[in-house]
A.B. asks: 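Below you'll find the structure I mean.
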Amino acid sequence: MIDLKYLQKNFDEASAKLVKKGVDSETLERLKELFATLKEANATLEESKAEQNKMSKLFGEYMREKKDVTELKAKVDAKKEEIVGLQESAREAQQALELVALAMPNFPDDSVPEGVDEEDNVELKKVLEPRSFEFEPKEHWALAELNGWIEFDRGVKLAKSRFAVLRGEAARMERALINFFLDVNREKGFEEVCVPFINNATMLQGTGQLPKFEDDLFKIDGEDLYLIPTAEVPLTNLYNDEILTTKELPILLTGYTPCFRKEAGSAGRDTRGMIRQHQFDKVEMVAITTPEQSEEIFKMMVDNASDILTQLGLPHRVVELCGGDLGFSAATTLDLEVWLPGQNKYREISSISNTRDFQARRAKIRYKDGKKNVLVNTLNGSALAVGRTLVAIMENYQNEDGSIEIPEVLKKYM
RNA sequence: GGACAGUUGGGUGAGUUGGCUGAAACCACAUCCCUGCUAAGGAUGCGUACUCGUAAGGGUACCGAGGGUUCGAAUCCCUCACUGUCCGCCA
């Protein structure tokens with residue numbers, strides 16, 4: 001959630017920031033008004049309650065002194081009636097505010113480039129030269145068929161479209177990649193964590209998936225539970241509603257989880273192959289830091305993900321997302337895009353974001369800085385998306401006959 | 001899933017004949033004093049959130065969550081969640 005006090009005090013500045021992210025200033029104006037309304041409603045309510053509390057105390061004294069209380073009771077009864085009304089309007093103001101506030105995306109950093117969609121993203125650097133093929137490189141689904149690695153039709157049979165089955169060497173490579181990623185991350189100082197793959201609504205709200213993106217989630221029928229769309233949710237919310245100490249920070253976590261997404265808005269996109277599935281494996285990095293630490297940790301996370309790709313010998317590039325392409329919770333995001341020779345383009349394989357205190361405010365994650373409680377910064381990033389890495393290996397390591405070499409670093413894992 | 005018990009501040013743990021308890025005591029923690037040096041003693045402070053105020057200092061809310069009774073609830077009633085124990089089931 002954005003800082004509403006900041007919005008109130010620096011409206012023009014705040015609204016300029018959010019325009020970058022495609023929020024119109026009318027919505028912001030409304031948010032500001034709702035906030036002011038709530039504050040006023042609460043102020044009057046609290047004043048009345050203070051009076052009532054005072055009278056109730058008096059009441060006790062009267063009783064003890066055996067004084068007559070009928071007059072006092074009449075007064076306090078009248079006050080009570082008044083409070084019921086005030087309470088109702090305060091509650092309405094609260095709900096109206098939350099409706100808008102929870103749907104408001106994070107402020108982008110000032111350094112974020114202007115732009116409306118991925119066309120306007122900025123390439124920062126390329127790592128590794130794509131290899132040149134003496135034959136026409138195939139796409140991964142063709143290779144999958146040749147090698148018997150992926151069964152799309154049986155995945156569909158078991159569940160529905162956008163589910164797939166990995167077999168034999170592909171299944172083993174999937175597992176090898178997970179282990180490789182976790183090992184590298186651990187060497188970089190991330191603690192490995194194994195978390196529930198199902199989280200409750202409060203946690204999903206903490207990281208920003210709810211209430212706005214409910215349609216993208218698989219919900220458990222009849223329960224307040226959802227399949228996680230990313231390990232970012234459980235890893236970040238590990239500290240939901242907690243107050244940490246300075247010496248605990250930064251907290252660096254990594255974990256493997258499957259991720260479940262409805263892909264509601266992506267009908268028709270990447271329907272072929274396993275670039276976009278309802279279920280995919282991912283190893284995630286999450287960092288909980290002080291505001292001062294987050295910049296450095298962010299760079300470290302990007303370098304780490306890039307380093308993993310380099311170790312795998314996969315050509316990739318680093319792209320800075322423009323304001324319009326930035327996710328809901330992110331203040332800044334760098335994507336790593338891996339080269340897919342079969343598709344002849346770079347495709348996202350990791351996305352690393354600093355949400356600053358946006359998630360921390362929602363999830364109430366703070367740390368004690370001296371006497372004050374300060375919101376932490378939370379960061380997250382993939383290292384890496386496993387299925388897409390498998391795809392990248394297939395396409396980059398293919399031979400003319402369709403066979404696939406195993407990257408050197410993975411050999412000891414297979 | 002069934003039965004019973006429980007859920008209080010960072011921790012342990014009082015308080016359950018409703019008001020003087022936002023909450024004793026102890027521990028932990030912080031600062032200071034004394035002492036002096038692998039110790040001990042003393043003083044003070046020490047929950048969270050919102051809100052008013054330059055500040056000092058006020059106000060409101062929170063004793064698992066939500067609702068109810070009452071002038072007033074941690075204390076009474078209802079619903080739910082969670083934890084523990086026993087039973088059932090089970091990887």
Side-chain angles (χ1 to χ4, degrees), chain A residues 1-9 31-102 194-206 210 219-226 234 237-249 251 258 288 357-376:
Chain A
M1 192 145 87
I2 58 168
D3 185 349
L4 293 175
K5 275 185 236 167
Y6 167 79
L7 176 74
Q8 197 179 39
K9 281 185 194 145
L31 181 58
K32 187 182 149 190
E33 276 166 25
L34 288 169
F35 184 52
T37 308
L38 174 65
K39 274 174 88 166
E40 201 178 314
N42 275 336
T44 19
L45 208 212
E46 284 174 16
E47 205 175 308
S48 285
K49 281 199 169 168
E51 290 172 36
Q52 201 219 22
N53 287 345
K54 239 175 237 151
M55 284 193 266
S56 285
K57 276 218 162 118
L58 247 190
F59 203 101
E61 281 175 35
Y62 278 29
M63 295 287 277
R64 246 172 285 126
E65 293 164 18
K66 305 231 156 78
K67 283 206 214 148
D68 180 40
V69 293
T70 43
E71 197 184 327
L72 184 61
K73 182 159 158 48
K75 268 170 83 180
V76 90
D77 276 342
K79 181 57 78 182
K80 209 177 155 190
E81 223 165 289
E82 173 190 314
I83 286 175
V84 170
L86 291 174
Q87 210 143 30
E88 191 47 39
S89 37
R91 191 191 322 219
E92 277 166 22
Q94 174 79 31
Q95 280 171 353
L97 176 72
E98 271 177 14
L99 200 67
V100 180
L102 286 174
C194 192
V195 290
F197 302 157
I198 297 176
N199 282 191
N200 63 44
T202 307
M203 302 305 121
L204 272 301
Q205 187 179 96
L210 287 179
K219 186 176 195 309
I220 310 274
D221 190 33
E223 307 255 12
D224 180 42
L225 296 170
Y226 298 81
N237 282 296
L238 225 43
Y239 298 99
N240 190 296
D241 200 20
E242 291 193 23
I243 300 171
L244 304 161
T245 58
T246 319
K247 47 186 171 226
E248 288 176 85
L249 302 175
I251 294 170
I288 316 276
D357 60 11
F358 184 81
Q359 291 179 327
R361 187 171 291 106
R362 290 175 160 247
K364 304 192 196 76
I365 309 175
R366 297 141 292 173
Y367 71 98
K368 258 219 189 317
D369 185 10
K371 281 202 84 140
K372 279 197 319 205
N373 291 331
V374 184
L375 292 168
V376 299

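Chain identifiers are assigned alphabetically (A, B, ...) following the order of the sequence lines, protein sequences preceding nucleic acid strands; residue numbering begins at 1 within each chain.
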A.B. asks: Which ones in residues 42-50 of chain A lie close to RNA chain B, meaning a heavy atom under 4.0 Å from one of its atoms?
C.D. replies: A/Glu46, A/Lys49, A/Ala50
A.B. asks: Expressed as a whole number of Å, how far does the P atom of B/G11 sit from that of B/A24?
C.D. replies: 15 Å
A.B. asks: What nucleic acid atoms does A/Lys39 come within less than 4.0 Å of, heavy atoms only: base, sugar-phosphate, or nothing?
C.D. replies: sugar-phosphate
A.B. asks: Using atom C1' of each nucleotide, how far apart are B/G47 and B/C63 to the nearest Å?
C.D. replies: 12 Å
A.B. asks: Taking atom NZ of A/Lys75 as the centre, does the number of heavy atoms from other residues, nucleotides or ligands within less than 6.0 Å exceed 12?
C.D. replies: no
A.B. asks: Any salt bridge between A/Lys49 and A/Glu46, counting N to O under 4.0 Å?
C.D. replies: no
A.B. asks: Determine the interatomic distance between C1' on B/U8 and the same-named atom on B/A73; round to the nearest Å.
C.D. replies: 14 Å
A.B. asks: With sequence neighbours left out, write down each residue that passes salt bridge (charged side-chain N to carboxylate O under 4.0 Å, His left out) with A/Lys73, or none if nothing qualifies.
C.D. replies: A/Asp77
A.B. asks: Over all strands shown, is A/Leu58 touching base, sugar-phosphate only, or nothing at heavy-atom distances under 4.0 angstrom?
C.D. replies: nothing
A.B. asks: Mark yes when over 12 heavy atoms from residues, nucleotides or ligands other than A/Glu88 sit less than 6.0 Å from its CD; otherwise mark no.
C.D. replies: yes
A.B. asks: Looking across every strand, which nucleic acid part, if any, lies under 4.0 Å from A/Lys54 by heavy atom: base, sugar-phosphate, or nothing?
C.D. replies: nothing
A.B. asks: Given that A/Arg91 and A/Met55 both sit by RNA chain B, which one's nearest nucleotide is further toward the 5' end?
C.D. replies: A/Arg91
A.B. asks: Please report the distance separating the C1' of B/G72 from the corresponding atom of B/A55, rounded so that it comes out in whole Å.
C.D. replies: 34 Å
A.B. asks: Contact list please: residues 80-88 of chain A against RNA chain B, heavy atoms, distance less than 4.0 Å, in numerical order.
C.D. replies: A/Lys80
A.B. asks: Scan the side chains in residues 357-368 of chain A for donor-acceptor partners under 3.5 Å anywhere in the protein, sequence neighbours excluded, and list what turns up.
C.D. replies:
{"from": "A/Asp357", "atom 1": "OD1", "to": "A/Arg361", "atom 2": "NH1", "distance (Å)": "3.4"}
{"from": "A/Asp357", "atom 1": "OD2", "to": "A/Arg361", "atom 2": "NH2", "distance (Å)": "3.0"}
{"from": "A/Gln359", "atom 1": "OE1", "to": "A/Thr378", "atom 2": "OG1", "distance (Å)": "2.7"}
{"from": "A/Gln359", "atom 1": "NE2", "to": "A/Thr207", "atom 2": "O", "distance (Å)": "3.0"}
{"from": "A/Gln359", "atom 1": "NE2", "to": "A/Glu232", "atom 2": "OE2", "distance (Å)": "2.7"}
{"from": "A/Arg361", "atom 1": "NH1", "to": "A/Met1", "atom 2": "O", "distance (Å)": "2.7"}
{"from": "A/Arg362", "atom 1": "NH1", "to": "A/Gln205", "atom 2": "O", "distance (Å)": "2.8"}
{"from": "A/Arg362", "atom 1": "NH1", "to": "A/Leu210", "atom 2": "O", "distance (Å)": "3.1"}
{"from": "A/Arg362", "atom 1": "NH2", "to": "A/Leu102", "atom 2": "O", "distance (Å)": "2.3"}
{"from": "A/Arg366", "atom 1": "NE", "to": "A/Lys364", "atom 2": "O", "distance (Å)": "3.3"}
{"from": "A/Arg366", "atom 1": "NH2", "to": "A/Asp241", "atom 2": "OD1", "distance (Å)": "3.4"}
{"from": "A/Arg366", "atom 1": "NH2", "to": "A/Lys364", "atom 2": "O", "distance (Å)": "3.3"}
{"from": "A/Lys368", "atom 1": "NZ", "to": "A/Asn373", "atom 2": "OD1", "distance (Å)": "2.9"}

A.B. asks: Provide the distance between the two P atoms, one in B/C52 and one in B/G45, to the nearest whole Å.
C.D. replies: 28 Å
A.B. asks: Expressed as a whole number of Å, how far does the C1' atom of B/U54 sit from that of B/G66?
C.D. replies: 40 Å
A.B. asks: Looking at residues at least two apart in the chain, or sitting in another chain, which of them share a salt bridge (charged side-chain N to carboxylate O under 4.0 Å, His left out) with A/Glu33?
C.D. replies: none
A.B. asks: Would you check if the side chain of A/Glu223 reaches a backbone N or O of A/Ile220 as a donor-acceptor pair within less than 3.5 Å?
C.D. replies: no
A.B. asks: Could you check A/Phe35 against A/Arg366 and say which one's nearest nucleotide on RNA chain B is further toward the 5' end?
C.D. replies: A/Arg366
A.B. asks: Expressed in whole Å, how much space separates the C1' atoms belonging to B/G68 and B/C82?
C.D. replies: 22 Å
A.B. asks: Suppose you measure atom C1' in B/U85 against the same atom in B/U48; what distance do you get, rounded to whole Å?
C.D. replies: 33 Å
A.B. asks: Are A/Ser48 and A/Glu51 linked by a side-chain donor-acceptor pair shorter than 3.5 Å?
C.D. replies: no
A.B. asks: Does anyone know the first and last nucleotide of RNA chain B in reach of chain A, 5' to 3', at under 4.0 angstrom to a heavy atom?
C.D. replies: B/G19 to B/G72
